[in-house]
Every structure is written in structure tokens, then in C-alpha cells.
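No experiment lies behind these values; they were computed from the predicted model shown. We count ligands from 1, going down the list as the structure has it; atoms in each ligand are counted the same way.
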Amino acid sequence: PEYEESTEHRRADVTYDDIGGLHETIDQLREMVELPLRYPQLFTRLGVDPPRGVLLHGPPGTGKTRLARAVANESDAEFFLINGPEIMGSTYGESEKKLREVFEAATKSAPSILFIDEIDSIAPKRGEVQGETEKRLVAQLLTLMDGLESRLNLVVIAATNRPEAIDEALRRPGRFDREIIVGVPDARGRREILGIHTRGMPLESAVDLHELARTTYGFVGADLAALTREAAIEAVRRIMPKLDLESETVPPEVLDELVVQRNDFVEALKRVQPSAMREVMVQA
Ligand code: ATP
């Protein structure tokens, strides 16, 4: 409520258990972000500065935002979010102001994590690609990063799927000088992600998540989440003829019958494409 949609502040509720695959990524995040946030004295004793900025790099829908929320939650830190493209859309001067306000709020609430999604839209490489708004925003962001006290337990995590497209000045020491790769899940990761998204779903015993994981090559977390949602909608469709649309309630016996079947996933697979594929199809 304090901010508009381009920014957000609330206590994150996801944990590492809500993330499928990405075990090494989580280990790296714990070491680079959780540890310094929880035990800053370790770094003080050694006389080294804990990381201020971490860049998460990976394709869309692989869980970067979810990871940032989880690490905030597990570190008992407040979570602040800035959405790159949305903050760019603000009127002259408004974007920088919003950026400053979020940094200020995050500083006040430390320990905190400030997450900047799609940082490439705020800070593309300087030169022709940068318009006036970008120039001012990059300059503002650099100033804010440099102004962070090293002793403060605030970590800025930025996400991008095009690390080569962001302004090099952002990658200098003391800014976003650490990089963590968030990769596309393998079959095991996909199995874990499917498990997470079907946790609360009654499944017919014929639904084989291992098999489903094997047949969803190229699907990222967001695709798999969409697939399980689509399968659930299929199950609802199947039950529709048994519903009395005049009535306001669903009879318990109909509700009991509402179970997601193997075939619901087969149907869902016809409609949900892996997002990497969609890009290929759009380009073709
Ligand atoms: P973008 O770059 O498009 O912002 P992202 O990498 O930040 O994507 P998220 O927003 O974290 O991806 O993920 C989108 C949704 O996909 C999540 O809300 C979650 O439902 C699902 N998801 C993605 N990755 C995972 C994962 N590794 N484990 C569980 N769920 C996942």
C-alpha cells in the first residue's frame, strides 16, 4: 500500500522448499546473501565487505524472483521489489524518485533484500541504446549502490536474462560484482518443481510425475506451474456436467470426485508450450 505497483514491500512467505531444482544456486545464495545478512560479524571480524549486489542471471520463468523472496524469508530480512520495466514507465523524475524511496525504505528496515527484476530495462549499456530516462536512472542507481554503507545489512539482488546487455559500470566492485546462474531445470529439477506445484492437488494414482518430468524437456518452472494449473482446469471441466448451476454449492460427492487424472495432464500438454519454444515460434 505504501508503494505503487512498480514497487512492492511485504514479508516474503516462500521458503527454499518451494523451489524445485537449483540446489547449487541456493547454496551460492545462502553463502553470498543469507550468511552476511544473518551474521555480519563474521565479515567484520575478517575486515572484508560483504557483497552488496548480486546478479541473478537466467532465462525467464526459472525462479529468480522466487529465489530472492525465499532468501529474504530464510534470512529474516524484509523484502523490497522494484520492477524494471514498470519503474521505467513513470513520468520524468518520478522513476529516480521511486528508486530513491525504495532504497531509503530498505535501508531503514535492514536487514533487508532489495530485488530489482529485469534490471536490463533500467540499465542497458550506455551509448545509443540509452535514452535520457535510462541515463538518469543508471546514474541514480550507481549513486544509490555506492552510497550503501558496507556495514549495513542490505543486499541488492538484481535479475536479468541478458547480463551482456547491462551497463558495465554496474558490474564494478562494490556494485553487482557477484553473479549467480539460474539455469533451466533438468528432469530431476522438473520432477521437484512438479511436486511443489501439485502439493495441494488430489492426484489420481496413475499420474506419474517422473514420467511427466521426462516428457517436459525445455519447460522452466513457470511453464510447469502453468501446466499444473491447466491440468486442474481440465479436471474442473470434466466435473462441470455434474454441477447444478442453479445451486450455489458443490455437492460433497462431486467435490470428492474432483481429482486430477493422468489424461488431464495429457490434455494440458497440448495447450502449454515451453516458453523457450514460444520464442522460437514467434521468431519463425
Ligand atoms: P522472470 O525472469 O520472467 O521474472 P523469474 O525467473 O523471476 O521469471 P519467477 O517469477 O520466480 O521466475 O517464477 C514464475 C513462477 O514460476 C513462480 O511463481 C513459480 O510458480 C514458478 N517457478 C519458477 N521456477 C520455479 C522453481 N525452480 N521451483 C518452483 N516453482 C518455480
**Q.** Top protein contact for atom 5 (P) of ligand 1, by heavy-atom distance
**A.** K64 N, 3.4 Å

Q: Could I get the full list of salt bridge (charged side-chain N to carboxylate O under 4.0 Å, His left out) partners for E74, not counting sequence neighbours?
A: none

Q) Is there at least one pair of N or O atoms, one from R66 and one from ligand 1, spaced under 3.5 Å apart? A) yes

Q) For atom 27 (N) of ligand 1, what's the nearest protein heavy atom and its distance? A) G20 O, 3.0 Å

Q) Strictly under 4.0 Å, does any heavy atom of A159 approach an atom of ligand 1? A) no

Q: Look at E267 together with K270 and state whether they make a salt bridge at an N to O cut-off of under 4.0 Å.
A: yes

Q: Would you name the heavy atoms of R271 and E230 that are closest together and state the gap between them?
A: NE-OE2, 2.9 Å

(Q) Check contact between N161 and ligand 1, using heavy atoms of the residue and a distance below 4.0 angstrom. (A) no

Q. Of the listed options (L194, D117, T228, L224), which comes nearest to atom 4 (O) of ligand 1 when hydrogens are ignored and any heavy atom counts?
A. D117

Q. Do V156 and L148 touch side chain to side chain, with heavy atoms closer than 4.5 Å?
A. yes

Q. Quick one: which ligand 1 atoms are inside 4.0 Å of a heavy atom on A225?
A. 20 (O)

(Q) I'd like to know if R237 pairs up with E234 as an ion pair, taking the criterion as any Lys NZ or Arg NE/NH1/NH2 lying under 4.0 Å from an Asp or Glu carboxylate oxygen. (A) yes

Q. Do L141 and L154 share a hydrophobic cluster, counting only Ile, Leu, Val, Met, Phe, Trp and Tyr and linking them when any side-chain heavy atoms are less than 4.5 Å apart?
A. yes

Q) What atoms of ligand 1 come closer than 4.0 angstrom to any heavy atom of H197? A) 19 (C), 20 (O), 21 (C), 29 (C), 30 (N), 31 (C)

Q) For atom 16 (O) of ligand 1, which candidate among A226, G58, A222, S275 holds the nearest heavy atom? A) A222

Q: State whether the shortest distance between N or O atoms of G61 and N or O atoms of ligand 1 falls below 3.5 angstrom.
A: yes

**Q.** Any N/O pair I193/ligand 1 closer than 3.5 Å
**A.** no

Q | Closest approach of A187 to A213 (non-hydrogen atoms, all atoms of both residues) | A | O-CB, 3.5 Å

Q. Which atoms of ligand 1 are found less than 4.0 Å from any heavy atom of I19?
A. 27 (N), 28 (N)

Q: Compute the minimum heavy-atom distance from D18 to ligand 1 and say whether it is under 4.0 Å.
A: yes

(Q) Return the closest protein heavy atom for atom 7 (O) of ligand 1 as residue, atom name and distance. (A) T65 OG1, 2.7 Å

Q: Heavy-atom contacts with G221 under 4.0 Å: which atoms of ligand 1 show up? List them by number with element.
A: 16 (O), 21 (C), 22 (N), 23 (C), 24 (N), 25 (C), 31 (C)

**Q.** Single hit among R100, E96, K135 for side-chain hydrogen bond (donor to acceptor under 3.5 Å, both in side chains) with Q140
**A.** R100

Q) Considering only heavy atoms of L22, which atoms of ligand 1 have at least one such atom less than 4.0 Å away? A) 27 (N)

Q: Could you tell me whether ligand 1 has any atom less than 4.0 Å away from a heavy atom of R69?
A: no

**Q.** Lys/Arg-Asp/Glu bridge criterion (N-O < 4.0 Å) met for R199, D18
**A.** yes

Q: Would you check the N or O atoms of G63, main chain and side chain alike, for any that come under 3.5 Å of an N or O of ligand 1?
A: yes

Q) Would you call E257 and K242 a salt bridge, taking side-chain N to carboxylate O under 4.0 Å as the test? A) yes

Q.
With heavy-atom distances below 4.5 Å as the criterion, would you say the side chains of R175 and R52 are in contact?
A. no

